[in-house]
Amino acid sequence: MGIFSFKTKKPIIGLTLSGGGMRGIAHIAVLKALEEYNLKPDIISGTSAGSVVAAFYALGKTPDEMLEIVKQTTFFSRSFLRLSKNGIFSSKFIMKLFTDYFPENDFRVLKIPVYVAATEMTHGIVDFFSEGELFAPLLASSSVPFILPPVRIGEKIYVDGGVLDNLPIEPIVDKCDFLIGSHVNSISYDGLENMSLMKEFDRILHLAIAKSVYSKVKFCDIFLDPPKMTKFSLFNKKLLDVMFSEVYEYTCKELEEKGYSRNS
């Protein structure tokens, strides 16, 4: 579906952002391209890093501003190591990111509706948050098991939404006319020798959840899946500029091939 056929009104564009740790930065490149091709989303769902990107964008930050925030922020540094039974890192650096940039801990500060996915541990289901307190759902959605501690919300314990749903289209698929999925975890088949423990963990995680992601492609009018994304780290941003450039160019090319034109 290259060009909109809606005659009476502008279609409601939905966007779903996958998890991906530091690879979630690639969603910012996707957003930059979507804006340039007149595909700015009206409603967003996300999990893990995708939910954080969604919240910042819905707050009103431009893709360029978001990229600058990433460059100024320290993630997964030694100062946040905790090596406790609940996680390798403290989640304080994520909470600081929220308190530094959001004027209030409430979904009401967002200018675009956002649905945040988190995995509820006891019953093994995905819950979606879209109102009330904002920071705890974002933190829960981003709490990669064994890396960051689980988050308690009310009587429930939550971990990363991507564990059960790494492309959470469910809360918005019936609320939009046109759905775009952005997945930033396509598996690279290069360099499997002498894998570090973290790279092995990353690969096992995404091999396990890949099937559930790709089963949802048929529901997306556009599915963006930049290649070989696991060559970029889940936990550091040293190749940030390379990743951003590659994903931006990939997205522009995909949109051009589907018949969209860049803003004049």
Side-chain angles (χ1 to χ4, degrees), residues 1-4 13-73 75 97 101 111-112 114 142 162 166-167 169 176 178-190 202 206 213-214 217 220-264:
M1 186 175 179
I3 305 297
F4 293 133
I13 299 174
L15 174 64
T16 296
L17 304 178
S18 74
M22 295 309 301
R23 287 194 289 270
I25 296 163
H27 291 311
I28 303 174
V30 168
L31 284 162
K32 184 177 177 68
L34 290 178
E35 282 194 356
E36 292 177 3
Y37 285 81
N38 296 301
L39 290 168
K40 185 172 181 176
D42 303 295
I43 185 170
I44 311 175
S45 61
T47 196
S48 197
S51 71
V52 176
V53 170
F56 271 88
Y57 188 70
L59 182 65
K61 299 295 183 184
T62 68
D64 288 340
E65 288 172 337
M66 293 162 68
L67 184 60
E68 194 56 38
I69 289 170
V70 169
K71 289 181 176 181
Q72 293 173 4
T73 302
F75 301 90
L97 184 66
Y101 289 99
K111 299 166 187 172
I112 299 172
V114 169
S142 305
N166 206 32
L167 195 73
I169 66 172
C176 62
F178 191 88
L179 180 61
I180 302 169
S182 178
H183 176 244
V184 294
N185 301 292
S186 62
I187 294 171
S188 172
Y189 296 95
D190 303 325
D202 180 6
H206 288 101
V213 169
Y214 291 113
V217 174
C220 299
D221 295 280
I222 296 175
F223 180 66
L224 299 167
D225 192 30
K228 297 186 176 182
M229 287 297 290
T230 54
K231 69 184 178 184
F232 301 112
S233 173
L234 197 64
F235 301 111
N236 73 60
K237 57 180 182 179
K238 64 181 180 181
L239 295 176
L240 183 155
D241 289 327
V242 174
M243 177 173 65
F244 190 91
S245 176
E246 285 189 12
V247 174
Y248 172 76
E249 293 300 329
Y250 161 86
T251 306
C252 291
K253 183 172 180 287
E254 286 290 304
L255 297 178
E256 292 276 354
E257 288 179 355
K258 292 180 184 300
Y260 295 95
S261 300
R262 197 183 297 244
N263 294 338
S264 55

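All heavy atoms count here, side chains included; hydrogens, waters and symmetry mates do not.
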So, the side chain of [X] versus the backbone of [Y]: is there a donor-acceptor pair under 3.5 Å, distance only?
| X | Y | result |
| --- | --- | --- |
| T73 | V70 | no |
| T16 | G181 | no |
| Y248 | A26 | no |
| S182 | H27 | no |
| K32 | D64 | no |
| T47 | G19 | no |
| E65 | T62 | yes |

Roughly how far, to the nearest 0.5 Å, is the [atom2] atom of [Y] from the [atom1] atom of [X]?
| X | Y | atom1 | atom2 | value |
| --- | --- | --- | --- | --- |
| E256 | R262 | CD | CZ | 6.5 Å |
| L234 | S48 | CG | OG | 8.0 Å |
| Y260 | T251 | OH | OG1 | 13.5 Å |
| L239 | S233 | CG | OG | 8.5 Å |
| L15 | L34 | CG | CG | 6.0 Å |
| L17 | S45 | CG | OG | 7.0 Å |

*Do Y57 and E35 get their side chains close enough for a donor-acceptor pair, meaning under 3.5 Å?*
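Yes.
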*Consider only side-chain N and O atoms of D225 and Y250, and report whether a donor and an acceptor are under 3.5 Å apart.*
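No donor-acceptor contact under 3.5 Å links the two side chains.
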Just wondering, do [Y] and [X] contact through their side chains at under 4.5 Å, heavy atoms?
| X | Y | answer |
| --- | --- | --- |
| D221 | I180 | no |
| L31 | P41 | yes |
| L97 | I69 | yes |
| I222 | L39 | yes |
| L224 | E254 | yes |
| V184 | V247 | no |
| C176 | I13 | no |
| Y37 | S261 | no |

*Which is it for L240 and M22 under the side-chain contact (heavy atoms from CB on, under 4.5 Å) test, yes or no, and what are the steps along the way?*
CA-CA 9 Å; L240 183 155; M22 295 309 301; 5.9 Å; no
*Before accepting this row, confirm whether a basic side-chain N of the pair K231/E246 lies closer than 4.0 Å to the acidic partner's carboxylate O.*
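Between E246 and K231 there is a salt bridge, with a charged N closer than 4.0 Å to a carboxylate O.
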_Under a 4.0 Å threshold between the charged nitrogen and the carboxylate oxygen, would E257 count as salt-bridged to K253?_
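Between E257 and K253 there is a salt bridge, with a charged N closer than 4.0 Å to a carboxylate O.
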_In terms of relative ring orientation, are F223 and H183 parallel, tilted or perpendicular, with 30° and 60° separating the classes?_
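Judged by the thresholds at 30° and 60°, the geometry between F223 and H183 is parallel.
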What pair of heavy atoms forms the shortest contact from [X] to [Y], and how long is it?
| X | Y | value |
| --- | --- | --- |
| V114 | A58 | CG2-CB, 3.5 Å |
| S142 | V52 | OG-CG2, 3.5 Å |
| A49 | G21 | CB-O, 3.2 Å |
| R23 | T230 | NH1-CA, 3.8 Å |

_Please determine whether side-chain contact (heavy atoms from CB on, under 4.5 Å) holds for the pair I28 and M66, giving the CA-CA distance in whole Å, both sets of side-chain angles, and the decisive distance to 0.1 Å._
CA-CA 7 Å; I28 303 174; M66 293 162 68; 3.9 Å; yes
*For the pair I25 and V53, evaluate side-chain contact (heavy atoms from CB on, under 4.5 Å) and give the outcome as yes or no after the intermediate values.*
CA-CA 8 Å; I25 296 163; V53 170; over 6 Å; no
